[in-house]
Amino acid sequence: MKLLRSVLLVTALLPGMAFAQSAGAMPPAAAASAASPAEVFRRMSSDTWVSRVVTLADIGITNPLVLGYPEATREIVLPVPPGVPFANGTLQMDASFVRADGGRTTLILSIDGFPVSARPVAAERGDGSLTLAVDGAPRSSGLVRFNLDWRTAIGRENTCSDTRTPGNLLRIEPTTRFTYRYDSSAVADLPAAWGSLPPSPMILIAGSKLSTDAYDSAWRLGVALERAGKRPRIVALPAVGDTVDLHAVVVPTGLRKVPAFAALAEGGKRRLKDLAEVGALMALGQGGLLQPDIVVADRATGSVLAQALDELRAQLPPESLDAFAEWRGKALDGWGRQLATGQVRLGNVFGRAAIVVAPDAGAQAAGLFTQSWHQATGTPSLTLNAADDPKVDFTAVSLKYLGAKPATLDVLSRADWNAGFDITAVTGEGRGPASLVIDVAAAPGAARTPPVVSVFLNDVLLGAREMEAHGRRERIVAPIPRHVLSTRNNIRVSFVRQQASDRCRETPESYPVSVLATSHMLLDKREPGPDFSGLISRYSDGVNLLVPIAYLYDSQNSLPRVISLAASTGVSPSRARFVAVADVGPPKLKGPFLAIDVELKDADKSEVKLEGGRLYLADGNDRPLLDVNGLGRAGLLEVTQVGRDTGAIYRTLSREAPPMGMPLQLSAGNVAVIGMSGLRAEINTTDPSGQDMVRETIPAPKARGHLWLPALLLIAAGAALLAYAFRMYQRKASKAGNGKSGG
């Protein structure tokens, strides 16, 4: 029966098939078709289903996947709420193929290990798109595994000939998407709510102007999401006078006679003229713009919501007031009750389950949702005094502690095992990653060619070896160069079996390999360098994060910048100290720092200078590093020193700051120029030729070996001559002794 859990719906995608990119943008069908306001609100009160659309681009696969020789298989994992059943699961694969080498080509698709589709492909080129139904049984892991197998068999009279088919290729587009719906009322606790977050969760804040506590909580939660591989979106609760984009909003028919809803039904961009329209925008629930996953419940929010909904209530017909009151009680469950100090709770916000965080609980909430703690908090509400990453033995850290899962793979020609970790989980007390120790095992097989295992960190090869494949543990110890590390890191262990040279005697068969739970990372003392990589070590035990007080008055625009810069430089959301700097003078610092558009007293002279829209080295070099005018909106991030403390300062170079929606991949530079499209240049002004990197990657004995080689050769030659002379002396002495005895 398990084999029938997933069924093939359609064998080809119809050309031009329209699909809504955001299922949440459409209101529930039952509410949309309701004829009266009372019926609309009754149906919205009972509808707790949430729609999700997850594309390959959402989970980080932004370029097309290409399958063919030698990599003919691929597994893609798609997130779903852990332990929660879902409905209407549909996997739409957008693909195309070319076949230049002929043969019998077959595309096999599997879901959760069970084949659901197998079809032959005979044309030279064409559309390979498919639509699959996905069974809605709950997955405790929170993942749906989608496997693709694209293989070609070529029948030849000469069985020793080359059967490779590099011209038979399948291309899977990043627009491939997985859609489903789940009942948010089945999300019973905070770990389930955290696991149910989409790839781009919405953090809803009370407005563009926030209190210091609420702003502090919002940026910490955003960085915690970035550490979990998410891309947070900051959305402020609209206010009178704000302009909102209503192109994706459809107002139910039963509400279009109410003035506030009628105004929203016009679509396009609209400036909200009164509180009733603000209330109407909230009352659209899942059919509107406000679909929060996490809410920072500023203390002023409750009164704003109450006023807006009171104004809307005054426009509703009397017969709908009871239904409206019922909906209002459920929709404001997250904010309607005042949260206690330090409280994090699961609530119903506008008809969907959301994590609601007290404005002073950001640091605790960020620590709570780390890999170490969030599974241990199986309750719908908590009051936290503290939550932080647990201290570990800073000599070795198990990869399992970092969230990696030991696994067994079947390898025909190649298979990869991947694991990600945040740098802050393995730095502290002056220590950092020094070596990866990967324990693997492979089963023996009939093949005479041994499998090869390679270890990569951030796509840099650290070590490799031929396996003995005797079914027992084999170990690879791979040193980690400092310049390879980033704030978010990916370990990849790749297994490859080389093709045999004698094809007449060997037919490749798959063999099992395992990455064992004893795999770990060795840590060692590391002196932080004066670059972005060095900041990671300095920030691990805490950092001062400084922003101007003006940022709090423009929260929706400034928070993404703060989150991106903090995540890029390795700021721990649970250990940082947040300071909103007033305009009365430079603040006093103690310890590492990240200052964003804040001038610091006694800061060392900048390594670069800006003149006429161009960046120059501060030593007076006439050649510009970069023409900033060509970048438009631009910013500069620089490692600097204040007294004995080292940190980073970010400066906006243009009238408006550049957009920063995701972390920057910083490494061995100390100056970064940020433009409209992200990181434009990373420069190391203290070591432009990379001598430190060269010295680090070449071990000292090898680097000096050529100097000792002549001396070693001379010593060896001298020893050989002495040995020869000693033997000749012994022979002469022996002959002389024999002559005397004979006389």
Ignoring hydrogens and geometry beyond distance, is a side-chain donor-acceptor pair present between [X] and [Y] at under 3.5 Å?
X      : Y      : answer
Asn489 : Ser486 : no
Ser196 : Tyr182 : no
Arg561 : Tyr650 : no
Asp183 : Ser185 : yes

Would you please classify the geometry between the Phe178 ring and the Phe86 ring as parallel, tilted or perpendicular, with 30° and 60° separating the classes? perpendicular
Parallel, tilted or perpendicular: which fits the ring planes of Trp327 and Phe41, with parallel below 30° and perpendicular above 60°? tilted
Any [X] side-chain heavy atom under 4.5 Å of [Y] side chain:
X      : Y      : answer
Val240 : Leu272 : no
Leu246 : Val251 : no
Val54  : Pro199 : yes
Ile203 : Leu225 : yes
Ile111 : Phe146 : yes
Leu485 : Ser533 : no
Ile205 : Leu559 : yes
Pro663 : Arg488 : no

How far apart are the closest heavy atoms of [X] and [Y], and which atoms are they?
X      : Y      : answer
Val357 : Ile294 : CG2-CG2, 4.4 Å
Pro658 : Met676 : CB-N, 4.5 Å
Tyr401 : Val397 : CD2-CG1, 3.1 Å
Ser568 : Leu664 : OG-N, 2.7 Å
Glu311 : Ala276 : CB-N, 3.8 Å
Gly279 : Leu309 : O-CD2, 3.8 Å

Can a donor-acceptor pair be found, under 3.5 Å and without considering hydrogens, that links the side chain of [X] to the backbone of [Y]?
X      : Y      : answer
Thr176 : Glu173 : yes
Asn418 : Asn490 : no
Asp112 : Arg145 : yes
Ser217 : Pro359 : yes
Gln315 : Ala260 : yes
Arg271 : Thr243 : no
Ser184 : Arg352 : no
Asp58  : Thr55  : yes
Asn544 : Arg577 : no
Arg575 : Val543 : no

Test side chain to side chain contact (heavy atoms under 4.5 Å, CB included) applied to Leu399 and Leu402, step by step: CA-CA 5 Å; Leu399 296 188; Leu402 299 177; 4.1 Å; yes
Pick one: which of Pro198, Ser200, Pro560, Pro201 meets side-chain contact (heavy atoms from CB on, under 4.5 Å) with Arg233? Ser200
Approximate separation, where rounding is to 0.5 Å, of [X] [atom1] and [Y] [atom2]:
X      : Y      : atom1 : atom2 : answer
Glu326 : Ser46  : CD    : OG    : 8.5 Å
Leu552 : Asp213 : CG    : CG    : 10.0 Å
Leu535 : Leu594 : CG    : CG    : 8.5 Å
Arg181 : Thr48  : CZ    : OG1   : 9.0 Å
Ile596 : Tyr551 : CD1   : OH    : 6.0 Å
Leu284 : Met44  : CG    : CE    : 6.5 Å

NZ/NE/NH1/NH2 to OD/OE distance under 4.0 Å, [X] and [Y]:
X      : Y      : value
Asp94  : Arg177 : yes
Asp216 : Arg220 : yes
Asp310 : Arg328 : yes

Atom CZ of residue position Arg313 - does it have more than 12 heavy atoms of other residues, nucleotides or ligands inside 6.0 Å? no
Greater than 12 external heavy atoms within 6.0 Å of Lys230's NZ: yes
Criterion side chain to side chain contact (heavy atoms under 4.5 Å, CB included) on Val344 and Ile355, from CA distance to verdict: CA-CA 7 Å; Val344 181; Ile355 299 171; 3.9 Å; yes
Given the rule in the side chain to side chain contact (heavy atoms under 4.5 Å, CB included) test, do Leu545 and Leu565 qualify, once you have shown the distances and angles that lead to the verdict? CA-CA 10 Å; Leu545 176 60; Leu565 291 171; over 6 Å; no
Any chance you could lay out the side chain to side chain contact (heavy atoms under 4.5 Å, CB included) test for Thr179 and Gln92, step after step, and finish with the verdict? CA-CA 8 Å; Thr179 64; Gln92 172 61 56; over 6 Å; no
